[in-house]
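Notes follow once the structure below has been shown.
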Amino acid sequence: MIRRHFLAGVAVVGAALGTSVSAQEAEEFTIGVAIPSATHGFMGGLNFHAQDTIARLEKTYPQLTFVLATAGNAGKMVNDIEDMVATRDIDALVVLPFESEPLTSPVQAVKEAGIWVTVVDRGLSVPGIENLYVSGDNPGFGRTAGEYFKENLESGSKIVVLRGIPTTLDNERVDAFTAAIDGSGIEVLDMQFGNWNRDDAFNVMQDFLSKYPEIDAVWAADDDMAVGAMEAIAQAGRTEEMWIMGGAGMKEIIKRIMDKDPQLPANVTYPPAQISTAIELTALGLVSSTPVSGRFIIGSQLVTPENAEQFYFPDSPF
């Protein structure tokens with residue numbers, strides 16, 4: 001039976017968070033939350049915010065029950081979701097797909113079963129399956145980085161790119177970055193997947209360094225990959241040759257930008273706390289008549305030494 005407690009067709013607005021929730025307080029609901037394991041810094045922060053939000057909402061709304069599952073691969077995530085549907089009778093699913101393609105059909109099956117679906121961060125391969133999409137601004141993330149490269153590198157400069165995991169969001173970032181540097185004369189020597197992983201990025205960067213005697217800058221597109229790439233660069237003794245830009249605002253990276261480290265001149269924000277937004281809006285749709293369907297996009301901002309202090313949170317897990 002179609003779940004009847006969500007209103008469709010209206011884009012999410014921030015004011016919705018203040019809506020009264022008295023109308024349906026007596027009815028009980030179960031929300032499944034499926035996210036990747038904390039395999040790197042960003043996901044560590046995202047797991048922290050998911051757990052913190054669930055604990056807070058369970059105290060605020062006793063009628064809500066949450067089922068949280070973390071997965072280290074796409075296969076386990078599919079199994080987790082199928083189990084939520086089969087054994088926990090979930091009313092809504094909040095999912096950050098481990099990868100886009102393998103999760104598309106399973107999540108579509110959840111939607112077809114009449115369960116509300118909120119997709120976070122990494123879109124599915126087929127658009128429009130989800131009721132609500134919450135994400136950072138992936139095209140803006142790539143565009144902001146590309147514009148910085150274009151403004152701070154001369155024509156003829158040579159760069160390498162470390163991509164994330166094959167997902168729609170990675171495609172959006174890379175496409176926007178490529179469009180932003182178009183016509184600048186910047187030469188992209190190579191692009192390889194670093195899987196948003198320090199060790200993988202270290203290996204990819206080692207390969208780049210062995211193949212290319214001249215590299216002026218690196219777009220790592222993620223702070224964990226930036227850390228791995230910097231280690232490879234340091235071991236090769238080429239630290240002074242190139243600068244690097246990651247992304248997402250890891251506190252260690254932001255601190256080095258604050259301190260004007262020439263190897264890390266800038267960063268682009270992409271908050272792991274977006275999972276909190278997704279869970280809260282999904283919960284709000286169940287316990288109230290607030291319309292929460294549509295798209296909620298959290299804008300990316302350029303971080304430089306001039307404004308880095310605004311983005312430095314030393315007590316953050318990321």
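The backbone N or O of Tyr148 lies less than 3.5 Å from a partner atom in the side chain of Asn152, making a donor-acceptor pair. Judged purely by atom type and a 3.5 angstrom limit, Thr60 has no side-chain atom pairing as donor or acceptor with the backbone of Leu57. Judged by distance alone, with hydrogens and angles left aside, the side-chain atoms of Ser157 form no donor-acceptor pair with the main-chain N or O of Ile186 at under 3.5 Å.
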**Study point:** Intermediate values then yes/no, side-chain contact (heavy atoms from CB on, under 4.5 Å), Leu68 and Ile35
**Key:** CA-CA 8 Å; Leu68 174 63; Ile35 57 177; 4.0 Å; yes
Check your understanding: Do Ile115 and Asp91 pass the side-chain contact (heavy atoms from CB on, under 4.5 Å) test, and can you show the C-alpha distance, the side-chain angles, and the key distance before you say yes or no?
Key -> CA-CA 6 Å; Ile115 298 169; Asp91 297 279; 6.0 Å; no
Review point. Which is it for Trp196 and Phe42 under the ring pair (Phe, Tyr, Trp, His ring centres under 6.0 Å) test, yes or no, and what are the steps along the way?
Key: CA-CA 9 Å; Trp196 294 313; Phe42 178 85; 8.1 Å; no
Check your understanding: Run the side-chain contact (heavy atoms from CB on, under 4.5 Å) check on Arg198 and Phe202 step by step: do they pass?
Key -> CA-CA 6 Å; Arg198 294 187 186 190; Phe202 175 84; over 6 Å; no
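A cation-pi contact, defined as under 6.0 Å to the ring centre and within 45° of the axis, links Arg173 to Phe141.
Side-chain heavy atoms closer than 4.5 Å link hydrophobic residues (I, L, V, M, F, W, Y) into clusters, and following such links, possibly through other members, connects Val268 to Met191. In this structure, Ile159 is a member of the same hydrophobic cluster as Leu302, with clusters built from ILVMFWY side-chain heavy atoms closer than 4.5 Å.
The pair Lys158-Glu214 fails the salt-bridge criterion, with no side-chain N (NZ, NE, NH1 or NH2) lying under 4.0 Å from an Asp/Glu carboxylate O.
The aromatic rings of Trp243 and Phe149 sit tilted relative to each other, their planes meeting at an angle between 30° and 60°.
Counted within 6.0 Å of NZ on Lys211, heavy atoms from surrounding residues, nucleotides or ligands total more than 12; the atom is thus considered enclosed.
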